Enquirer: 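Here it is: the structure, laid out below.
What you see below is based on every heavy atom in this structure, not just the backbone, and it leaves out hydrogens, waters and symmetry mates. Fair warning: this is a prediction, and the values are worked out from it, not measured in the lab. Just follow the structure's listing: the first ligand is 1, and inside any ligand the first atom is 1.
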Amino acid sequence: MCGIVGYIGQEQAAPILLDGLKRLEYRGYDSAGVAVYNRETGTLSVRKAKGRLHVLAEQIHDGADLRGTVGVGHTRWATHGAPSDVNSHPQTSRSGKIAVVHNGIIENYAELKSFLISKGVPFASETDTEVVAQLIEYFYQGDLLSAVGRVLHRIQGAYALGILCADCPDQLIAVRKDSPLILGYGEGCSFLASDVTAILRRTRQVSYMEDGEIAVLTRTGIRCYDHLMQPVDKEIVQVDWDVDAAEKGGYEHFMFKEIMEQPEALRRCVSPRIRDGEVVFEDFCLSPEEIRALEKIYIVACGSSYHVGMVGKYHLERLTRKPVEVALASEFRYMDPIVSEKTLVIVISQSGETLDTMAALREARRRGGKILSIVNVVGSSIARESDQVLYTWAGPEIAVATTKAYSTQLAVICLLALYFGKLLGTIPPADYRSALEAFQALPEQVEQVLSRKDDIQYYASQYFNHDSVFFIGRNIDYALGLEGSLKLKEISYIHSEAYAAGELKHGTISLIEDGSLVVALAACPRLFPKTMSNVVEVKSRGASVLALTTEDRRAETGQIADGVFTIPGTCELLLPSLSVVPLQLFAYYVALMRGCDIDKPRNLAKSVTVE
Ligand code: F6R
């Protein structure tokens with residue numbers, strides 16, 4: 001997704017902006033640009049280039065060509081207008097004296113553009129962002145802040161804006177609505193950024209802008225105002241993320257590094273939440289009475305986070321006997337969902353900034369639901385708008401394809417199912433105890449699975465040339481198959497589908513032919529015989545079958561499947577937490593063998609802040 005960085009200080013701005021943009025590359029983008037104020041000429045120097053950041057960096061000799069100590073930079077992921085030099089940000093006003101970088105979408109841009117064209121304003125790009133730059137200039141009469149204020153009254157949609165004006169080169173303006181923006185405080189300098197990673201090497205003192213706020217950044221500090229232009233005191237927080245944790249370490253890809261980090265991430269996520277044989281959530285937003293009174297649980301999320309919700313539904317319903325509905329966040333808003341004050345809405349998001357998920361959260365709140373979010377990025381928008389946040393503490397996830405965030409989200413939802421089950425008396429005490437013991441063993445068991453990565457690499461070498469792959473399974477294995485299939489398709493570009501094993505025969509089995517690859521997920525013991533009978537069905541139609549099951553079923557499974565990968569035995573609750581690891585590794589190795597851009601798959605972005 002688009003990235004923003006801005007700097008005002010004593011040093012040359014362009015190299016700092018390029019470095020900040022480099023840290024944001026992981027978000028996914030298709031072009032980049034910078035604007036720097038040149039004091040000698042009194043003008044803005046703007047350079048933009050389609051493609052990777054190094055294209056821009058080479059054009060401006062790593063920033064040396066642009067002289068000036070204040071500027072803004074951007075990496076763009078196209079929404080309005082194709083990826084191109086001219087559509088890249090910064091977008092400028094007709095005179096070139098106002099430059100704007102923008103994340104989000106201006107929903108009424110077409111109407112505003114027609115208005116400006118009718119006033120004789122010429123447009124250079126197809127972007128919604130150019131409307132903002134042009135409109136600021138249209139209203140500008142020597143007071144930049146008031147012109148920005150007038151523009152904010154007219155634009156609708158989601159936006160984080162960084163604004164630089166050649167007439168006021170001793171300030172940068174930042175605006176936020178529904179798209180994250182962070183302010184950074186340095187010695188004799190100030191920063192703005194869409195993501196703290198962009199400025200972490202320069203400052204750890206940051207504040208998070210709230211919706212509707214406007215900030216004026218100068219070399220000596222930052223002033224912040226609310227939407228009525230009343231001054232706001234911002235809390236400055238110290239970010240203690242390890243900078244190296246946001247780098248690749250010794251690994252070839254972030255995705256592999258993050259797969260390997262899962263035992264540690266799980267320890268961080270789980271250990272503090274199991275104390276004296278109990279699941280503990282500090283200051284839980286619902287009282288025991290409120291939990292008992294819940295009539296329904298909704299889980300809303302997108303992509304892999306939604307897949308966590310799919311597994312979570314099976315666990316929560318089994319262990320709490322409360323009805324659970326899982327909804328895609330992008331659908332939730334438009335389906336007139338049945339939510340009341342007796343509904344708990346669990347919102348799952350790694351980034352905490354996914355626009356669809358955020359919109360679903362607000363819709364659920366509007367309808368009276370209690371919001372509990374499971375989020376990785378601390379201080380993110382979703383976290384801040386929830387009644388209760390359960391952080392996953394997975395650490396920064398850089399690869400576009402999620403791995404450790406998925407695993408930790410899953411761990412949190414399993415803990416939640418146990419917590420509710422215990423409180424409601426719907427989980428037998430012995431099952432509760434054994435589940436907690438299994439939880440303690442989980443990180444080590446994940447390590448065991450990871451230590452056998454070469455077996456998965458071998459299977460990947462056997463099957464990486466297949467054009468189409470089916471994942472089948474029942475119940476939690478089916479829900480897991482959704483994630484296995486998504487992982488494979490998003491990074492290896494192989495067509496893949498996940499099916500409930502028993503559903504295949506109702507149509508899709510017609511696609512199975514000699515050489516089709518079916519990944520059969522058969523870890524759930526009570527459904528093992530049923531799933532294996534579906535495996536026989538696809539085998540007899542010519543499919544090659546790679547099966548995933550528990551160690552005790554290896555021999556049996558090996559009699560039918562062409563390849564078997566086993567995971568250690570554990571309670572049903574935690575089977576998906578182990579099974580997902582070989583599926584992540586399989587996708588990774590297949591993509592590697594196909595020469596794909598693993599950390600930045602085509603057309604994808606890490607944080608999807610558009611609808
Ligand atoms: C897939 C993936 C995406 C995200 C989805 C939601 O590997 O990462 O499907 O899960 O875009 O993102 P968050 O969890 O940040 O809301």
Side-chain angles (χ1 to χ4, degrees), residues 1 26-28 77 103 178-180 194-195 197 253-256 258-259 262 265 299-312 326-332 345-362 371 373-386 389-410 412-413 479-493 496 498 580-581 583-588 591 596-611:
M1 202 85 277
Y26 72 89
R27 295 166 67 100
W77 187 71
N103 284 2
D178 293 336
S179 190
S194 50
D195 184 326
T197 330
H253 296 102
F254 279 117
M255 183 181 178
F256 193 68
E258 288 157 10
I259 290 174
Q262 287 178 109
I299 305 180
V300 288
C302 302
S304 295
S305 298
Y306 169 79
H307 296 156
V308 169
M310 291 291 285
V311 181
V326 195
L328 289 166
S330 53
E331 290 289 309
F332 183 82
V345 181
I346 302 178
V347 176
I348 309 178
S349 176
Q350 185 285 130
S351 59
E353 301 294 351
T354 303
L355 193 127
D356 284 325
T357 312
M358 186 66 180
L361 179 158
R362 288 181 178 163
I371 314 292
S373 63
I374 301 177
V375 172
N376 191 35
V377 178
V378 175
S380 56
S381 307
I382 289 175
R384 285 184 288 132
E385 291 204 17
S386 303
V389 193
L390 301 177
Y391 283 117
T392 48
W393 298 321
E397 192 177 65
I398 308 295
V400 165
T402 182
T403 52
K404 61 178 181 172
Y406 174 96
S407 295
T408 49
Q409 288 168 347
L410 195 55
V412 171
I413 212 151
L480 181 76
L482 294 168
E483 177 61 7
S485 169
L486 178 62
K487 277 294 80 91
L488 185 69
K489 66 189 135 199
E490 70 180 328
I491 61 167
S492 74
Y493 315 143
S496 163
V580 74
V581 178
L583 300 186
Q584 295 166 342
L585 286 167
F586 184 70
Y588 173 78
C596 299
D597 189 353
I598 293 181
D599 283 337
K600 297 185 202 95
R602 69 184 178 209
N603 305 338
L604 291 180
K606 182 68 182 162
S607 176
V608 186
T609 48
V610 289
E611 183 167 357

Enquirer: For atom 10 (O) of ligand 1, what is the nearest protein heavy atom, given as residue, atom name and distance?
Expert: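 Result: Ser304 N, 3.1 Å.
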Enquirer: So which protein heavy atom does atom 15 (O) of ligand 1 come closest to, and at what separation?
Expert: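 Checking every protein heavy atom, the shortest distance to atom 15 (O) of ligand 1 gives Ser351 OG, 2.6 Å.
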Enquirer: Does Thr357 reach ligand 1 with a nitrogen or oxygen that is under 3.5 Å from one of the ligand's nitrogen or oxygen atoms?
Expert: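 N/O-N/O distance under 3.5 Å: no.
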Enquirer: Can you tell me which residue and heavy atom of the protein come closest to atom 16 (O) of ligand 1, and the distance to 0.1 Å?
Expert: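 Atom 16 (O) of ligand 1 sits closest to the protein heavy atom Thr354 OG1, 2.5 Å.
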Enquirer: Touching ligand 1 at all, Lys487? Heavy atoms, strictly under 4.0 Å?
Expert: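 Lys487: in contact with ligand 1 (<4.0 Å).
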Enquirer: Does ligand 1 have an atom that lies less than 4.0 angstrom from a heavy atom of Val400?
Expert: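 Yes; Val400 lies near enough to ligand 1 that a heavy-atom distance drops under 4.0 Å.
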Enquirer: Using heavy-atom distances only, which candidate in Ala605, Ala587, Ser305 approaches atom 14 (O) of ligand 1 most closely?
Expert: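 That would be Ser305.
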Enquirer: Does Ala399 offer a backbone N or O that forms a donor-acceptor pair with the side chain of Glu258 under 3.5 Å?
Expert: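 Here the side-chain-to-backbone pair exists.
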Enquirer: Report yes or no: does Tyr493 contribute a side-chain atom to a donor-acceptor pair with the main-chain N or O of Arg602 at less than 3.5 Å?
Expert: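 Pair found, side chain donor or acceptor close to backbone of Arg602.
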Enquirer: Give me the atom names and distance for the closest heavy-atom approach of Cys302 to Asp356.
Expert: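 Smallest heavy-atom distance, with atoms named: SG-CB, 3.9 Å.
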Enquirer: Can a donor-acceptor pair be found between the side chains of Glu353 and Ser381 at a distance below 3.5 Å?
Expert: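 Yes - a donor-acceptor pair under 3.5 Å links their side chains.
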Enquirer: In ligand 1, which numbered atoms sit nearer than 4.0 Å to a non-hydrogen atom of Gln350?
Expert: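 Once the distances to Gln350 are compared, the set is 13 (P), 14 (O), 15 (O), 16 (O).
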Enquirer: Can you report which non-hydrogen protein atom sits closest to atom 11 (O) of ligand 1, along with the distance?
Expert: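 Here the closest protein heavy atom is Val608 CG2, 4.2 Å.
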Enquirer: Atom 6 (C) of ligand 1: which protein heavy atom is closest, and how many Å away?
Expert: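 Sorting protein heavy atoms by distance from atom 6 (C) of ligand 1 puts Cys302 O, 3.4 Å first.
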Enquirer: Heavy-atom distances under 4.0 Å decide this one: backbone, side chain, both or neither, for Glu490 against ligand 1?
Expert: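 It is the side chain that gets close, since no backbone atom is under 4.0 Å.
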Enquirer: When you measure from the side chain of Asn376 to the backbone N and O of Gly395, does any donor-acceptor pair fall under 3.5 Å?
Expert: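 A pair under 3.5 Å: yes.
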Enquirer: Please identify which of these residues, Leu583, Val580, Thr402, meets the side-chain contact (heavy atoms from CB on, under 4.5 Å) condition with Lys487.
Expert: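 For Lys487, the side-chain contact (heavy atoms from CB on, under 4.5 Å) test succeeds with only one of Leu583, Val580, Thr402, which is Thr402.
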Enquirer: Does a side-chain N-to-carboxylate-O contact under 4.0 Å join Glu397 and Lys404?
Expert: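 Salt bridge between Glu397 and Lys404, a charged N being under 4.0 Å from a carboxylate O: no.
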Enquirer: Using a 4.0 Å cut-off to any heavy atom of Ser349, which atoms of ligand 1 qualify?
Expert: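 Contacts of ligand 1 toward Ser349, numbered from 1: 13 (P), 14 (O), 15 (O), 16 (O).
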Enquirer: For a quick test of reading the model, state the closest non-hydrogen atom pair linking Asp178 to Leu355 and the distance between them.
Expert: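 Smallest interatomic distance, heavy atoms only, reads O-CD1, 4.1 Å.
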